[in-house]
Amino acid sequence: MRKTIIAGNWKLYKTINEAIELANGLKRELFKANFSAVDVVLCPVFTALSEVAEVLNETDIQLGAQDLYWQDEGAFTGEVSAPMLKDAGCRYVIIGHSERRQFFGETNEMVNKKIKAALKHELTPIICVGENLQEREANNTFKVIEGHIQGALVDISAKDMLKSVIAYEPVWAIGTGKTATGEQAQEVHKFIRDLLRKIYGEEVASSVRIQYGGSVKPENIVELMGKPDVDGALVGGASLKVDSFSSIVIKASEVVK
Ligand code: PEP
């Protein structure tokens with residue numbers, strides 16, 4: 001049984017006060033509902049991590065970051081390391097988001113180093129993979145996904161893989177309002193799970209959670225969660241409002257697999 005995981009990627013939004021307000025709103029709204037069947041993770045900007053950690057203290061909502069650097073410390077101006085994220089209260093970290101690959105030149109090799117750093121410091125990596133529109137239209141979706149997965153997982157043991165989460169995020173569906181259909185998501189999620197089976201065997205393949213990300217909203221979460229290999233969602237835009245994110249969490253918690 002894989003526990004559903006819904007994560008909110010707040011991207012480059014929210015000042016510290018706005019982040020506190022959003023976290024407090026979610027805490028209030030989710031407290032009224034029973035979401036124990038779902039792992040909920042909030043990923044604010046670095047500057048708001050400590051304050052949001054304080055808001056989430058003694059709740060079941062977890063904190064995550066949106067990126068890290070693979071060195072623990074040193075002369076790396078502008079970077080933030082895994083021990084620093086732990087220090088700020090994080091349990092999760094998003095790695096290899098398509099916006100980082102696209103705008104900041106992240107390669108599979110860098111993604112792999114970041115995953116290793118996260119695991120070394122007991123942070124759960126949310127490893128993002130996904131094809132862009134051109135790649136999908138050229139029928140290269142599986143090839144791209146396989147490249148992202150193989151590249152990300154170089155020298156990652158089965159034991160460490162069991163501690164990781166994968167997010168399938170088709171780039172053409174991120175922030176565009178275009179969602180993959182349940183069938184499109186399931187097709188790629190199954191492909192990823194089959195790939196994990198080939199690399200690591202059945203235990204890892206059947207245990208690792210694979211989230212879908214790309215314009216997830218309260219209106220489409222039930223269809224997506226209804227698919228056998230979709231174990232949750234990585235939510236961008238809709239995670240920035242109390243109503244939409246709490247509704248996604250509650251609806252996801254009601255889908256029985
Ligand atoms: C994301 O940021 O990972 C994402 C999926 O964004 P959105 O939900 O806005 O498409």
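Note that ligands are numbered from 1 as they come in the structure, with each ligand's atoms numbered from 1 the same way. The analysis underlying the following values was restricted to heavy atoms, covering all of them including side chains, and did not include hydrogens, waters or symmetry mates.
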remark   = closest protein heavy atom to atom 2 (O) of ligand 1 is K11 CE, 2.6 Å

key: atom 9 (O) of ligand 1: nearest protein contact (heavy atom, Å)   = G237 N, 2.8 Å

message = Can you check which of E169, Q66, K178, E99 brings a heavy atom nearest to atom 3 (O) of ligand 1?
response = E169

request  = Could you tell me whether T176 and ligand 1 have an N or O pair separated by under 3.5 Å?
outcome  = no

Closest approach of any protein heavy atom to atom 1 (C) of ligand 1, naming residue and atom = H97 NE2, 3.3 Å

key: Stepwise side-chain hydrogen bond (donor to acceptor under 3.5 Å, both in side chains) check, W10 with Q66   = CA-CA 8 Å; W10 293 2; Q66 299 174 20; over 6 Å; no

task = Please confirm whether G236 comes within less than 3.5 Å of ligand 1 when only nitrogen or oxygen atoms on both sides are compared.
result = yes

ask   = Any ion pair linking K198 and D194 (charged N to carboxylate O, less than 4.0 Å)?
value = no

note = Exactly one of Q186, H189, E183, Q184 clears side chain to side chain donor-acceptor pair (under 3.5 Å) with K227, and that residue is E183

note = Near I174 (heavy-atom distance under 4.0 Å), the atoms of ligand 1 are 4 (C), 6 (O), 10 (O)

query = Counting both backbone and side chain atoms, is some N or O of N9 under 3.5 Å from an N or O of ligand 1?
reply = yes

request  = Mark the output for S215 as yes if a heavy-atom distance to ligand 1 is under 4.0 Å, and as no if none is.
outcome  = yes

key: Atoms of ligand 1, numbered as shown, that sit under 4.0 Å from any heavy atom of G214   = 5 (C), 10 (O)

ask   = With side chains defined as the heavy atoms from C-beta onward, is the minimum distance between F31 and T59 less than 4.5 Å?
value = no

remark   = Counting heavy atoms under 4.0 Å, the part of A173 that contacts ligand 1 is backbone

Close N or O approach (L234, ligand 1; < 3.5 Å) = no

key: Member of D229, T4, D39 meeting the side chain to side chain donor-acceptor pair (under 3.5 Å) criterion with R209   = D39

task = Identify, by atom number and element, the atoms of ligand 1 in contact range of G175, meaning under 4.0 Å from any of its heavy atoms.
result = 7 (P), 9 (O), 10 (O)

inquiry  = Set out, in order, the CA-CA distance, both residues' side-chain angles and the distance that settles side-chain hydrogen bond (donor to acceptor under 3.5 Å, both in side chains) for E169 and H97, then state yes or no.
reply    = CA-CA 8 Å; E169 298 209 303; H97 191 280; 3.2 Å; yes

key: E21 and K14 ion-paired at < 4.0 Å   = no

message = I'd like to know whether T179 forms a side-chain hydrogen bond (donor to acceptor under 3.5 Å, both in side chains) with N220, so could you lay out the CA-CA distance, the side-chain angles of the two residues, the decisive distance to 0.1 Å, and finally the verdict.
response = CA-CA 8 Å; T179 321; N220 56 29; 3.0 Å; yes

Sole residue of Q150, R101, K113 in side chain to side chain donor-acceptor pair (under 3.5 Å) with N108 = R101

ask   = Counting both backbone and side chain atoms, is some N or O of G213 under 3.5 Å from an N or O of ligand 1?
value = no

